[in-house]
Amino acid sequence: MAKYSVENEVAVIAVDNPPMNALSHHVRKSLLKYLKEAESDEKVTSIVLCGDGRTFPVGADIKEFHKSVSKLGPTILDIVDALEKSKKPTIAAIHGNALGGGLEIALGCHYRIAMTNSKVGLPEVKLGILPGAGGTQRLPRVIGLDNAMQWIAYGGHHSAGIGASLGLIDRVVPQGGNIREHAILFAKAAVGKSLGQRRLSNISVPDAAKVESLMAKHLKEVSKKSRGALAPIVCLQVIKSSALLSYQEGLESERQGMFTLLASSQSRAQIYSFFAERQVSKWSVPGVTNYQNAVPMKVKAVGVVGLGTMGRGIAICCLRAGKITYVLEMNTKAQTAGVKYIRGYIETMRKRKQINDQQSSMMNNALIPVDNYNGLKNVDLVIEAVFESMKIKKEIFKKLEKVCKPSAILASNTSTLNIDEMASVTKRPQKVAGMHFFAPAHIMMLLENIRGEKSSPETIATIMDLGKQMRKTTVLVGNCHGFVGNRMFAYYTAESSFLLEEGAYPKQVDDVLLDYGFAMGRFQVGDLSGTDIGYKIRRERGLTHKQQPAGTPERKRGDRRYSPLDDFLYEKGRYGLKARKGWYKYEGSRTPIPDPEVRKMIDDFRKRHNINPRHISPEETLQRMIFPLVNEGFNVLDEGIAANPWDIDMIFQHGYAWPRHTGGPMYYAYTIGLPQVLKVIEERWKLAGASEPHWKPSKMLTWLVEHHGNPDINDWIKLYKERKSQPNSNL
Ligand SMILES: CCCCCCCCCCCCC[C@H](O)CC(=O)SCCNC(=O)CCNC(=O)[C@H](O)C(C)(C)COP(=O)(O)OP(=O)(O)OC[C@H]1O[C@@H](n2cnc3c(N)ncnc32)[C@H](O)[C@@H]1OP(=O)(O)O
């Protein structure tokens with residue numbers, strides 16, 4: 001709804017639709033009604049539009065998209081038109097955020113004033129759509145084509161100050177000012193002034209002459225940054241119309257672009273992702289606890305054990321979250337290097353203005369290097385981040401148990417190992433949990449939190465809360481080898497090596513993944529993270545080629561298919577980018593170049609095993625890489641390791657850079673259709689057999705297809721668990 005009042009001849013229309021003042025259908029109706037009322041009231045000389053509560057409207061109501069209500073009039077464009085056509089000056093008074101349709105209605109106003117700490121932007125592209133209420137045509141007219149392309153194709157939020165410097169905001173109201181009062185005074189002063197040039201649809205785009213070169217520049221950039229995504233490209237094409245066509249024609253091009261994008265599976269996937277990101281914080285352990293009833297412990301001081309790559313990144317996350325951070329590293333050289341790195345990173349953040357001088361000195365003061373376990377006696381929570389070895393981790397947990405205060409939570413940053421086994425060496429298993437950060441921890445957005453069998457509600461609530469304070473997408477999962485992400489991802493990696501054995505080469509596989517939308521292919525990623533990492537993990541599990549007793553078939557471990565190609569690569573000293581050679585070679589840059597030596601290694605391997613290489617189509621490559629991972633995703637859901645399909649999808653988007661416009665592996669499977677996915681998995685299972693158990697069709701997937709075909713992804717858990725809980729369900 002909206003609220004209407006008249007103060008000193010100024011009509012004030014305040015959108016009132018908590019929490020974000022989204023422009024839902026009922027709001028649009030009420031806005032237009034009050035606009036008409038203000039327009040026809042002779043006592044009103046000007047009109048202020050603002051938001052009640054937290055913010056100016058942040059855009060269309062995203063829940064309405066892909067539903068018939070979004071088409072119900074009045075549209076946001078009707079409101080924008082009414083504001084612009086008004087004979088009385090209209091002023092947008094912005095506080096909080098004016099985003100998407102919110103900024104579009106502000107662009108319909110003749111003037112815009114904004115609180116200094118408010119943000120403006122057109123982030124529709126992140127939802128796989130475009131600004132559909134004239135934003136693609138008005139923004140370039142006011143801030144220029146180059147800036148508008150930048151704003152709209154990337155969807156960033158910008159400060160009111162930046163907006164003012166570009167002419168979008170007419171006045172910035174300093175901190176502490178009352179935006180409503182300022183707007184009323186501004187509105188009074190605007191009465192009687194000509195509105196002609198204030199109507200943005202009347203003016204032309206200032207840098208229209210540069211349209212072709214700007215288009216080429218931005219197209220190149222978006223194709224690199226958002227590979228495979230449709231929306232940024234359509235956004236640019238539609239913005240281009242603002243320079244070449246009349247306003248009305250440009251609007252038609254916007255309308256067509258919106259139709260195209262709304263009809264695409266990408267917009268559905270991105271809107272799903274928007275809500276999924278928010279949904280994961282509403283965690284629940286059925287029958288035990290959930291985000292609403294568990295109370296987190298207050299964490300003031302954190303300990304980080306180990307100052308390798310992971311420990312450093314984790315320490316930065318803790319410092320940024322305002323924690324006193326004790327970093328324990330017993331090796332003096334490693335400690336000096338680690339602390340130097342952290343302080344250097346704090347300085348970089350300061351120079352980049354991500355933090356101010358005061359925050360920088362607070363972070364530096366809060367960093368406390370220690371070289372023995374006693375140094376951790378005062379912390380509220382410890383995150384162990386040492387090498388992936390159960391033996392070493394257990395030793396560390398025993399020491400932590402002795403020195404840390406009884407209330408302290410002991411967490412491990414393990415990426416695969418059993419949390420309960422670590423908990424078993426302590427006297428406080430209820431205070432043990434996993435906090436799996438992704439490298440580099442201070443950059444990657446994901447935190448996969450693992451609840452142990454005995455983790456208490458308070459422990460779970462605390463690690464979830466800490467993730468939130470670190471501003472990470474924090475997902476709660478259950479305990480098993482590899483948890484959700486690495487357990488599923490193992491099959492993606494395994495299949496990629498099987499593909500090499502059968503006929504593909506690294507670039508061929510990577511190209512398919514790049515076309516799908518990944519920023520990097522599996523082998524490029526392997527080189528970037530270092531082929532030694534996987535090798536050491538396999539060695540820890542006794543799997544590597546060199547650890548096998550004589551006579552062990554090269555391509556088997558136990559009764560399972562195994563590809564030793566990754567081991568051979570490592571044993572040749574091809575450790576990846578850092579060694580300038582891995583799956584590719586690197587000659588003076590980070591550009592991967594296919595290397596004949598790798599090709600020969602693969603060819604020799606095939607010859608030794610009498611494998612007749614065959615052509616593997618891009619379609620088969622993609623299915624072989626992604627479907628086993630999806631199949632395992634259903635097993636993970638069936639076992640309750642992940643609570644919801646969107647938990648898995650967020651893990652992959654934020655931890656493994658899964659292309660957002662596909663939604664994630666589970667949403668992608670839903671887009672393809674579960675029956676089609678199952679068909680491919682079943683065919684592959686027949687072909688591969690028991691030595692490749694990752695192709696064994698998941699019970700949950702099979703049941704869903706047999707009973708419901710391709711049910712809505714939101715219903716998967718409900719349908720399956722209902723059936724599973726029935727006696728004699730056989731599930
Ligand atoms: C043209 C021909 C086609 C014909 C048919 C179709 C007609 C289509 C008409 C087109 C008109 C287009 C209009 C416009 O161009 C399109 C848009 O405006 S799309 C929306 C753009 N805006 C955004 O993307 C902003 C989204 N919100 C945010 O980014 C953040 O919420 C925030 C504003 C930065 C604040 O962040 P936080 O403080 O962290 O808060 P939360 O994110 O947790 O949000 C709290 C709560 O609010 C819900 N919510 C937020 N924004 C919206 C929204 N726009 N609509 C609905 N709900 C929203 C969010 O989900 C949270 O809910 P909760 O989890 O608490 O339930």
Side-chain angles (χ1 to χ4, degrees), residues 10 12-15 17 19-23 46-60 76 79-80 83-84 89-126 131 133-136 138-190 197-200 203 206 352-356 359 471:
V10 180
V12 179
I13 305 173
V15 176
N17 188 22
M20 290 293 152
N21 286 328
L23 298 166
S46 54
I47 303 164
V48 165
L49 182 69
C50 60
D52 216 35
R54 270 176 74 176
T55 181
F56 195 80
V58 301
I76 301 179
I79 295 159
V80 173
L83 284 161
E84 191 178 88
T90 51
I91 291 93
I94 299 169
H95 78 294
N97 295 288
L99 301 174
L103 182 58
E104 288 175 300
I105 57 172
L107 285 164
C109 291
H110 304 129
Y111 299 93
R112 288 156 292 280
I113 73 168
M115 289 302 296
T116 183
N117 58 353
S118 59
K119 290 271 160 61
V120 290
L122 293 176
E124 286 86 342
V125 70
K126 293 186 177 162
T136 62
R138 280 194 180 81
L139 193 66
R141 285 174 160 79
V142 62
I143 69 170
L145 207 53
D146 196 8
N147 291 319
M149 284 181 167
Q150 178 69 33
W151 281 37
I152 296 174
Y154 295 97
H157 298 180
H158 308 270
S159 67
I162 298 274
S165 70
L166 297 175
L168 172 67
I169 303 296
D170 298 294
R171 179 177 299 167
V172 176
V173 178
Q175 195 91 28
N178 182 320
I179 186 76
R180 194 184 168 109
E181 285 168 11
H182 276 267
I184 290 172
L185 289 176
F186 194 102
K188 293 286 288 176
Q197 292 297 298
R198 304 301 313 178
R199 296 191 171 103
L200 295 178
I203 62 175
R352 287 188 190 150
K353 299 205 182 320
Q354 290 163 344
I355 52 173
N356 59 31
Q359 287 165 320
R471 295 177 184 274

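Residue indices begin at 1 and follow the sequence shown. Excluded from the calculations below are hydrogen atoms, water molecules and symmetry mates; all remaining heavy atoms, backbone and side chain alike, are included. These numbers come from a predicted model, not from an experiment.
- A donor-acceptor pair is defined here as one N or O able to donate and one able to accept, closer than 3.5 Å; no such pair exists between the side chain of H157 and the backbone of K119.
- Heavy atoms from other residues, nucleotides or ligands lying under 6.0 Å from CD1 of I162 number 12 at most.
- With T55 contributing its side chain and N97 its backbone, the two residues share a donor-acceptor pair below 3.5 Å.
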### Message
Using the rule given for side-chain contact (heavy atoms from CB on, under 4.5 Å), can you reason through I47 versus V10, listing the C-alpha separation, both sets of side-chain angles and the distance that settles it, and then say yes or no?
### Response
CA-CA 6 Å; I47 303 164; V10 180; over 6 Å; no
### Query
Run the side-chain contact (heavy atoms from CB on, under 4.5 Å) check on V120 and W151 step by step: do they pass?
CA-CA 10 Å; V120 290; W151 281 37; 3.9 Å; yes
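- Side-chain contact between L139 and I152 is present, with at least one heavy-atom pair separated by less than 4.5 Å.
- Counting heavy atoms from C-beta on, the side chains of I94 and I169 come closer than 4.5 Å.
- L103 and A98 make their closest contact through CB-O, 3.5 Å (heavy atoms, listed as atom of the first residue, atom of the second, distance).
- A salt bridge links E84 with R138: at least one charged nitrogen is closer than 4.0 Å to a carboxylate oxygen.
- Closest approach of P174 to M115, counting heavy atoms only: O-CE, 3.6 Å.
- Annotation for G135 and P140: closest pair O-CD, 3.8 Å, computed over non-hydrogen atoms.
- Salt bridge R180/D52: absent, no basic N to carboxylate O contact under 4.0 Å.
- Without hydrogens or angle criteria, T90 side chain to H110 main chain gives a donor-acceptor distance under 3.5 Å.
- A donor-acceptor pair under 3.5 Å is absent between the side-chain atoms of R112 and the main chain of D170, judged by distance alone.
- The two atoms that bring V125 and Y154 nearest to each other are CG1-C, 3.7 Å, heavy atoms only.
- Taking the six-membered ring for Trp and thresholds of 30 and 60 degrees, Y111 and F186 have ring planes more than 60 degrees apart, a perpendicular arrangement.
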### Message
Between C50 and V12, is the side-chain contact (heavy atoms from CB on, under 4.5 Å) condition met? List the steps.
### Response
CA-CA 7 Å; C50 60; V12 179; 3.9 Å; yes
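- The side-chain contact (heavy atoms from CB on, under 4.5 Å) test with L83 is passed by exactly one of L107, I91, I105: I105.
- Taking every heavy atom of both residues into account, I179 and A93 meet most closely at CG1-CB, 3.8 Å.
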### Query
Run the side-chain contact (heavy atoms from CB on, under 4.5 Å) check on L122 and E104 step by step: do they pass?
CA-CA 8 Å; L122 293 176; E104 288 175 300; 4.0 Å; yes
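- With hydrogens and angles disregarded, a donor-acceptor distance shorter than 3.5 Å links the side chain of Q359 to the backbone of N356.
- Across every non-hydrogen atom of R141 and L200, the tightest pair is CD-O, 3.0 Å.
- Of the N and O atoms on the side chains of H95 and S118, not one donor lies less than 3.5 Å from an acceptor on the other residue.
- For R54 (side chain) and P19 (main-chain N/O), no donor-acceptor pair under 3.5 Å exists by modelled atom type.
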